[in-house]
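See structure below.
Values in this document were obtained by computation on a predicted structure and should not be read as measured data. Just so it is clear: chains get the letters A, B, ... in the order the sequence lines come, proteins before strands, and each one is counted from 1.
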Amino acid sequence: MIVCPACSHRNPEGAKLCEACGRSLANFVYRVCPSCGALNSAQHVFCHRCFAELALAEGEEPIPESTFVRPYTPPIVTLEEEVTTQAVHREAKAQASETGARPTSEALPGQTPSEAELGPRAAAPISEEQAVAPSMEGEMGEMPASTEEALSPLEAAESPEVLGGGPVGAAGVETPAVQVAPPDETQALTPEAAANPLEGLDDLLPFEPAVTLPHRPSQHVSAAPSTTEDYEAELFQQVAVERAPLQEGAQVVLPRTAQGLPQIGRTILYILVLLAGVLPLFTWGQMSSFVQPRESVLALVRTIEELPSGAEVLLSFDYSPTYAGELDPLALAVVRHLARRSVRMVVMSTKPEGIGLAEAIYRTITEESPDYRYGEHYVLLGYLPGQEAGLRSLNTALGDAFKIDYLQKRPLGELSATSGLATLKDFDQIIVLSDDSLTVQRWVEQVQAQSDIPFHALVTSAVEPLLVPYQRSGQLLSLIPAASGAVEYELAGSVKPSALFRSDAYAAFFVLLLVVALVTNALYARRGKRGS
Amino acid sequence: MSEVLSGLFGQLSTGTAEVIGPWVAALLTLAVLSYVFGFNPVFRLAEYLFVGLAAGYAGALAWNQVISPRLQLLLTDPSTYWYYGLFFFLGLLLLARAFRPLSTLANLPLGMLFGIGAALALGGALTGSLIPQVRAAVVSVVPEDYGPGLVGWAYALDAVLLSLGTIAVLSAFHFATQGRGFVSALWHGLIRALGRAGRVLLMITFGALFAGVAFTSFALLSSRLVYLAEHWFKLLNRLGL
Amino acid sequence: MRRFLPIAVAIICGLWVLADFFVSHPLIDSVGAKLLEGVMILAAFALFAGILNLLGFHARRISKDQKDWGYRLVLMVALGGTLIAGIVLPGSGALSWIFGYMYYPLQSTMAALLAFFVVSAAYRAFRLRNGEALIMLITSLVVLLAQLPFSNRISPYLPLLRKWILDVPVTAGTRGIILGTALGTITTSLRILLAVDHPYAQD
Amino acid sequence: MDAVLQLLVKLVPNSVDLAALGMLVLFLPLFIFFTMQAKSGKRFALREIPAFTRIRRLVSQSVESGQPIHVGLGSGRLGSESTAEAAMSLTVFDYVARHVAACDQDILGTTAEPTILASAQGILCTARKKAGFPESYAPTDLAFYGPEALAYAAGAAGALHGRPHLANILVGRFGSEGLWLAEATSNRVGAQVGGTSAAEGAALLWASMDEAIVGEEVYAAGAYLHRPSHLGSLATQDIMRIVAILAILVGIAMTSLGYW
């Protein structure tokens, strides 16, 4: 690799002119130390930093020192180009014209026009001292720090750290003396830094600087990085310097094993589920003749059948719209049954949305049987906040929890359905419709355990398994999962059927799940066989 | 301003709103169900609409039920309800989290939330779960307590299985693995064996719960489909078909 | 200070509420009740902070990449509209219209999508990778079959089997989970109450 | 002996739940002792929980590849009985945020509970600041959807749809929305890991996750990921577990023999 001293472009091995700026590279060959990675002048046999032997590329001969020429103030130009602004250039020009010096750029073959422009300033010999570091002048104002740190030529020659710091005497043969400019420290390091792929990463990678590393012999010995390595280093630098890799639009490569079900299979599955759902709209309840109510449903139906006319039942609609799809049909069936038996219903909710859902159910009921009237036969009390504390307050006095009703905002005493009610103990049955097990548990603990009123829970199929222990202990007289419960209840209570025909869909759904279980295992077994 | 708006809405809602309402509902239902064909623009529209509505609805509820009544109390009778002022101040500090320079101010109300919540969780777990559940697991295993003959034995067997099962599931969660020494090896071997049985019970539990959720969710889907069918049916009826 | 004060508040409030759990004393009870009411108020304020975050999140995304701006706009308009309907026009019926004809159908249909997701989850979960999956597959199919409204017709023992499964192994399983969770909850709460952990104290 | 008991009963007011208080008294010294031990560097071996191993790997992978991770923090409300679970979801978020922030990578956190949002924002801000990239912190790296559970699932699914994520980590309180979210995003996300403590949610997450965390394991997240001081809690839990088992056994024996 040859680093162009002017523009820091890294040219391939053997290049004569810089690819980027076109300047001659004849005298500027740098060699990377295989051990520590430091950049060395081509004439070095040992690394200036770690003293490892610098191997030569095949067929390459060490360049005799005598042929070496000190580099032409390269870092200055680099710095100028990179750091100084147009203003500096203008200032420099002005200075040049003041001194009246002629550009000496003719003496420098391969110079770019911009360099030529800067030439006069570099070449302006004012005094012996200034001739040593003439190029500094133009930058004085701009870069005081670097000037202060500038090394004297002697120091530069002695310091192994400074590149191109060869013997001063060897310099002035072909080039003008002015070019023997001592690069300041920053400048001197510039080529190395430019060639260092980790440049600018000091703050990202908390490694100790390579300088402090002791010498480590390396297995891998190569004279200089190959073009490929070079390219890779460049790529690495590009990648590493970016703020964070793959920031935008990064695509996740999904592990194939993680999914198992491609989108097309998913779509097919979903369509099948949809078909199972719409099936009863076409078959219209073929399976309903097979429906056989189970014990829990029959128990509730019997209880309601045995209630005397005018008995008081408390219903709590403790479910949210999310689960209304499952609980509404059962609620409708039970309320229809209760209305047929002309039982008085008092309705409340411990969830804010529940009372609205109850209102919708009762609207349907009053449409069906107009002589079943609000206030006389049923009352909506409203939403009871406060969870446990709220339920406890029901035990002491109903009027404390609900002062007025929900629909007509009248005191409970004015409504005939609630006029005789003082506490929970005045109810004959309590029916709770709920979509979470915690609510039912609260009812059991705070109300049922205190008052011993017959207590029924109508819940979603999802939470039913969690409440079975309460039924076993006898605290729940009946526990009905709503989906199948609605179908069974309509048959057992012989109320107007509206959910009965859904039994087809439930059967289809079960068959679908069975097929899914078979298919997934068949595919799995086949893949397993292929894999082995 | 608000009167004008509500007046406008009132006029609108008497007629048109009730007519277009069911249509909006049916179309939104269809839009969500279009998920069957993957994430499509119609579904995404419904999705974003739902998120916005849910947040707005909850915000309206929180304002009307929690903040507004207490704010009125505070303004009418500050000497009695001074503590509402304190909580409102803490609540405003909570809002500061969104602004970087002030975000540490929210530490104070969060500290209060964490402290009270931890106390509630601790008390709830002790009095609501740990002790009642241990008590519930303590049952007699004597057949005579359950009834005569085979029935008693069956119930007693159930009781044994139930208690052992609870213990097994509990030991399935044991975190420490074997330390040094024979006693430790024996002890951990026992726990591991129990834990394996506990895993089986866990799987049975998960299976049953999964089945329950599957049934519930299918019932929900079925309800929506029936609703849609009824909607179109009513419409066809109205058109005289 | 910005760490000390929140930690002190957490410990004091927490211990006070904990004392309220175990001791019945008028002062402790009344302050405890006020603290719980304060939690409710803070949660309401937090909700408004959340709504601001939601608006900010989508506004930022709209200005940043312009992708999906239509959807995000719909979200923001829906949010703002519902808030206005609920707060500025509480009595107009606008909120109940939005609830009845937009929110309710959306919510219940989103819940209905669970049916699809349950089936595609079953596709993975029912795969017999190990013994555990087999047990789960058998249990869920049996419980599901016994849940059907005509399971009695298939076999009168099926509902009994289901009842036994729910009565014994499932009760044991849930009880074990609840007990374990209670243990975890207690130690986690103790960590917060004794300030071993203070996730609320931001530097 | 009876006299002493009677005296005790008289001394303590009726309202005090003696059993609960006794349990707490049993818990406290154990907890303090083991936490001090853990803080002073004492360690013990834990059984392997694959989900936590997976989380560690996923976080490393995310940091290396720059693909963001989505952490779902659930709907446990701070200040309610689900505070402990919410705190564990924040612990997991803290773990992911710290590692991701160290390399200044993106992260997405979503929650259905606004109180969690505020504390998660604090955690992310602290993590970014500690890693030396305070300017990378954006309060909107955390998104609040909800508070309705399904609105959360829908919103988070929408957010994940915009940009594919390496993993979905759902730890905290989840109900059926966990399954909803996991399945709706399963073809946008590389891996799904998570769990919740309640049985209903745990069953669903077990079915839909690649690696599931079940029940009490949720509370072990800190000890398994990056908080050795939580080992003290685990030790306490293990001891109290044995106490509970013994209590059940002794209780059964006493009941069966007719002493109670």
When B/Asp145, B/Leu130, B/Leu126, B/Leu95 are compared by non-hydrogen pairs under 4.5 Å with chain D, the top option:
B/Leu126

Taking only heavy atoms into account, what residues of residues 200-209 of chain D are found under 4.5 Å from chain B?
D/Glu200, D/Ala202, D/Ala203, D/Leu204, D/Trp206, D/Ala207

Need one label for D/Ser119: side chain, backbone, both or neither, based on atoms under 4.5 Å from any heavy atom in chain B.
both

If one checks every heavy atom of D/Leu90 against chain B at 4.5 Å, the contacting part turns out to be side chain

Select, from B/Val213, B/Ile116, B/Asn107, B/Leu94, the one with the greatest count of heavy-atom pairs under 4.5 Å involving chain D.
B/Val213

Non-hydrogen atoms of chain B under 4.5 Å away: do they reach the side chain of D/Ile242, the backbone, both or neither?
side chain

Turns out that what part of D/Ala184 lies under 4.5 Å from chain B's heavy atoms comes down to both

Per-residue contact mode, D/Pro114 against chain B (heavy atom under 4.5 angstrom)
neither

Contact leader toward chain D among B/Leu170, B/Leu120, B/Val134, B/Leu209, where contacts are heavy-atom pairs under 4.5 Å:
B/Leu170

Do the side chains of D/Glu216 and D/Arg241 get close enough for a salt bridge, i.e. N-O under 4.0 angstrom?
yes

When the ring planes of B/Phe39 and D/His161 are compared, do they come out parallel, tilted or perpendicular, using 30° and 60° as the limits?
parallel

Under 4.5 Å between any side-chain heavy atoms of D/Thr126 and D/Lys129, yes or no?
no

Taking the side chain as every heavy atom from C-beta outward, state whether D/Tyr219 and D/Glu217 have any pair of such atoms under 4.5 Å apart.
no

For the residue pair B/Tyr81 and B/Tyr84, categorise the inter-ring angle as parallel (less than 30°), tilted (30 to 60°) or perpendicular (more than 60°).
parallel

Identify which part of D/Ala86 has an atom lying under 4.5 Å from any heavy atom of chain B, answering side chain, backbone, both or neither.
neither

If you count heavy-atom pairs under 4.5 Å with chain D, which of B/Thr216, B/Val141, B/Ile191 comes out on top?
B/Val141

Name the region of B/Tyr57, side chain, backbone, both or neither, that has any atom closer than 4.5 Å to a heavy atom of chain D.
neither

For chain D, which residues from residues 157-166 of chain B have at least one heavy atom closer than 4.5 Å to it?
B/Ser163, B/Thr166

Among B/Val200, B/Thr205, B/Leu201, find the residue that satisfies the side chain to side chain contact (heavy atoms under 4.5 Å, CB included) test when tested with B/Val169.
B/Leu201

Between B/Tyr35 and chain D, with a heavy-atom cut-off of 4.5 Å, which part of the residue counts as in contact: side chain, backbone, both or neither?
side chain

Output the option from B/Arg44, B/Gln133, B/His174 having the highest count of non-hydrogen pairs under 4.5 Å with chain D.
B/His174

What part of D/Leu142 gets closer than 4.5 Å to chain B, counting heavy atoms only: side chain, backbone, both or neither?
neither

I'd like to know which of B/Ala176, B/Ala58, B/Ser217 tops the heavy-atom pair count under 4.5 Å against chain D.
B/Ala176

Tell me, for D/Tyr137 versus chain B, whether the close heavy atoms (under 4.5 Å) come from the side chain, the backbone, both or neither.
both

Salt bridge check: are D/Glu85 and D/Arg77 linked by an N-O gap of less than 4.0 Å?
no

